[in-house]
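Everything on this sheet refers to the single structure shown next.
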Amino acid sequence: MSINTIAIVTAMMQEAQAICPAPKSEAIGRFSTLSGKFTKETNYRCIVSGIGIARAAEAAAMLCAEKPDLLLSIGVSGGLAPGIDAGSIIAATTIHSDIAEFNSWHETENDLKLRNELISACGKIQCGKLITAAKPVLTPQEKLFMFERTGAMAVDMESIAVAQAAKQAGIPFGCIRAISDDFKRGIPEESLAGVNENGQTQLSPILKAIIKRPGLILELIPMGRDYSKALKALGEIFK
């Protein structure tokens with residue numbers, strides 16, 4: 001099966017911009033989208049869902065209505081497994097759900113075939129279990145506990161909802177994640193305010209947090225470097 005149309009869900013606009021070459025921007029409902037071509041034969045539409053399961057499910061359902069050949073969840077994730085550094089790319093073979101109303105997703109042979117057809121680098125990157133959580137996993141202790149409990153390599157907050165939408169629509173699915181913070185990296189809670197509900201970056205809350213707690217900047221600088229590695233890695237996926 002040749003892939004003519006690809007639909008992508010990202011949580012944040014910076015992820016979408018890293019992935020998508022020469023995009024055309026437009027809005028679908030309350031969501032921003034980028035669209036264009038990966039190759040002469042392959043068109044894409046990427047929707048920026050914002051953070052979390054509910055928004056990801058809604059965005060994925062909208063894309064599934066367009067009947068793409070493949071639906072992808074792509075973005076940054078927190079690392080859980082030791083030895084997986086910031087900037088590493090992981091392709092999910094299983095997505096475990098930490099949310100009661102979602103069942104785990106398991107890659108089919110057709111999912112694997114299409115993923116490898118689309119992304120030549122998939123033969124070189126790590127593959128394994130991911131987990132979708134209902135809330136951010138911020139501390140090294142929380143990451144270690146989740147890894148020991150589930151064996152997942154990385155955690156996000158959207159992919160299981162996208163996988164379920166694809167399954168219900170009968171559309172092949174894939175999930176590719178770049179590690180933005182490894183298992184040793186703690187994420188300051190104040191940094192969560194740097195992205196609004198629509199997945200857009202907002203600097204004002206971060207600046208206010210730094211004024212309130214100046215030492216925060218010493219945590220944000222290395223975190224920002226690792227995040228940049230993840231975005232750079234996302235930009236290499238479709239090359």
Side-chain angles (χ1 to χ4, degrees), residues 3-77 95 99 101-102 114 118-119 132-136 156-178 180 191-207 227-228 230-239:
I3 303 173
N4 297 314
T5 57
I6 303 167
I8 303 168
V9 178
T10 69
M12 297 183 289
M13 179 59 76
Q14 287 186 332
E15 296 168 328
Q17 291 171 335
I19 296 162
C20 300
K24 174 186 175 183
S25 301
E26 60 181 325
I28 299 180
R30 62 174 176 159
F31 300 109
S32 298
T33 72
L34 303 179
S35 58
K37 289 181 175 289
F38 285 128
T39 67
K40 189 179 296 185
E41 296 81 18
T42 306
N43 299 295
Y44 72 82
R45 186 192 294 276
C46 178
I47 191 166
V48 181
S49 67
I51 307 296
I53 284 290
R55 293 183 65 96
E58 181 182 348
M62 295 176 73
L63 290 179
C64 286
E66 299 179 359
K67 302 297 183 184
D69 296 319
L70 178 66
L71 178 63
L72 296 172
S73 173
I74 304 181
V76 302
S77 283
I95 304 174
I99 304 165
E101 58 265 35
F102 291 90
L114 288 179
L118 176 66
I119 304 168
T132 295
K135 62 181 182 178
D156 71 18
M157 294 176 60
E158 295 82 27
S159 289
I160 196 63
V162 184
Q164 180 167 293
K167 183 176 181 179
Q168 290 174 343
I171 295 170
F173 172 75
C175 175
I176 301 173
R177 292 279 158 173
S180 57
S191 69
L192 303 179
V195 179
N196 67 18
E197 66 173 8
N198 298 317
Q200 304 282 350
T201 302
Q202 50 184 16
L203 293 179
S204 178
I206 300 298
L207 295 175
Y227 179 66
S228 294
L231 292 180
K232 182 177 180 181
L234 291 179
E236 298 295 318
I237 290 174
F238 292 106
K239 291 185 177 178

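This one's a predicted model, so the numbers in the text were calculated from it and none came from an experiment.
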Could you state the interatomic distance from [atom1] ([X]) to [atom2] ([Y]), rounded to the nearest 0.5 Å?
| X | Y | atom1 | atom2 | value |
| --- | --- | --- | --- | --- |
| Thr33 | Ile28 | OG1 | CD1 | 4.5 Å |
| Ile6 | Cys20 | CD1 | SG | 10.0 Å |
| Asn43 | Ile3 | CG | CD1 | 12.5 Å |
| Leu234 | Ile237 | CG | CD1 | 5.0 Å |

Exercise. What pairs meet the salt bridge (Lys or Arg N to Asp or Glu O under 4.0 Å) rule with one or both residues in residues 12-23, with sequence neighbours excluded?
Worked result: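 Listed once each, the pairs would be none.
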
Who pairs with [X] by side-chain contact (heavy atoms from CB on, under 4.5 Å), at least two apart in sequence or on another chain?
| X | answer |
| --- | --- |
| Thr201 | Gln14, Leu203 |
| Ala233 | Ile89, Ala178 |
| Ser228 | none |

Exercise. Does some side-chain heavy atom of Ile51 sit less than 4.5 Å from a side-chain heavy atom of Met12?
Worked result: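 Yes. Closest side-chain heavy atoms under 4.5 Å.
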
Exercise. Any side-chain heavy atom of Arg177 sitting closer than 4.5 Å to one from Ser73?
Worked result: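 A side-chain contact exists here, since the closest heavy-atom pair is under 4.5 Å.
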
Exercise. For the side chain of Gln202 and the backbone of Ala193, is there at least one donor-acceptor N/O pair under 3.5 Å apart?
Worked result: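 Such a contact is found between Gln202 side chain and Ala193 backbone.
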
For this session: State whether the side chain of Thr5 and the backbone N or O of Asp69 hold a donor-acceptor pair below 3.5 Å, judged by distance alone.
Result: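 Yes; at least one donor-acceptor contact below 3.5 Å.
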
For [X] versus [Y], what's the shortest heavy-atom pair and its separation?
| X | Y | value |
| --- | --- | --- |
| Glu26 | Ser35 | OE2-OG, 4.1 Å |
| Ile95 | Ser159 | CD1-CB, 3.9 Å |
| Ala161 | Phe102 | CA-CE2, 3.7 Å |
| Gly52 | Glu158 | N-OE2, 2.8 Å |
| Phe173 | Leu72 | CE1-C, 4.3 Å |
| Ser32 | Met13 | CB-CE, 3.7 Å |

Applying side chain to side chain donor-acceptor pair (under 3.5 Å), can you list everything that pairs with [X], at least two apart in sequence or on another chain?
| X | answer |
| --- | --- |
| Thr42 | Thr39 |
| Thr132 | Asp156 |
| Lys67 | none |
| Asn198 | Arg55 |

For this session: Would you list the pairs meeting side-chain hydrogen bond (donor to acceptor under 3.5 Å, both in side chains) in which at least one residue belongs to residues 160-169, sequence neighbours left out?
Result: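 Not a single pair qualifies under side-chain hydrogen bond (donor to acceptor under 3.5 Å, both in side chains).
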
Ignoring hydrogens and angles, write down the donor-acceptor pairs under 3.5 Å from the side chains of residues 58-66, residues two or more places apart or on other chains.
from, atom 1, to, atom 2, distance (Å)
Glu58, OE1, Arg30, NE, 3.3
Glu58, OE1, Arg30, NH2, 2.5
Glu58, OE2, Arg30, NE, 3.4
Glu66, OE1, Arg45, NE, 3.1
Glu66, OE2, Arg45, NE, 3.3

Exercise. Got a sec, which pairs hit ring-ring contact (aromatic ring centres under 6.0 Å, His included) with one end in residues 35-74, sequence neighbours left out?
Worked result: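 For residues 35-74: Phe38-Tyr44, Phe38-Phe238.
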
For this session: Using a cut-off of 6.0 Å, state whether more than 12 heavy atoms not belonging to Lys37 lie near its atom NZ.
Result: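 It does: Lys37 NZ has more than 12 such atoms within range.
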
Problem set entry | Positive for side-chain contact (heavy atoms from CB on, under 4.5 Å) with Gln17, one of Leu34, Leu231, Thr10, Val48 |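 With Gln17 as partner, side-chain contact (heavy atoms from CB on, under 4.5 Å) holds for just one option, Leu34.
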
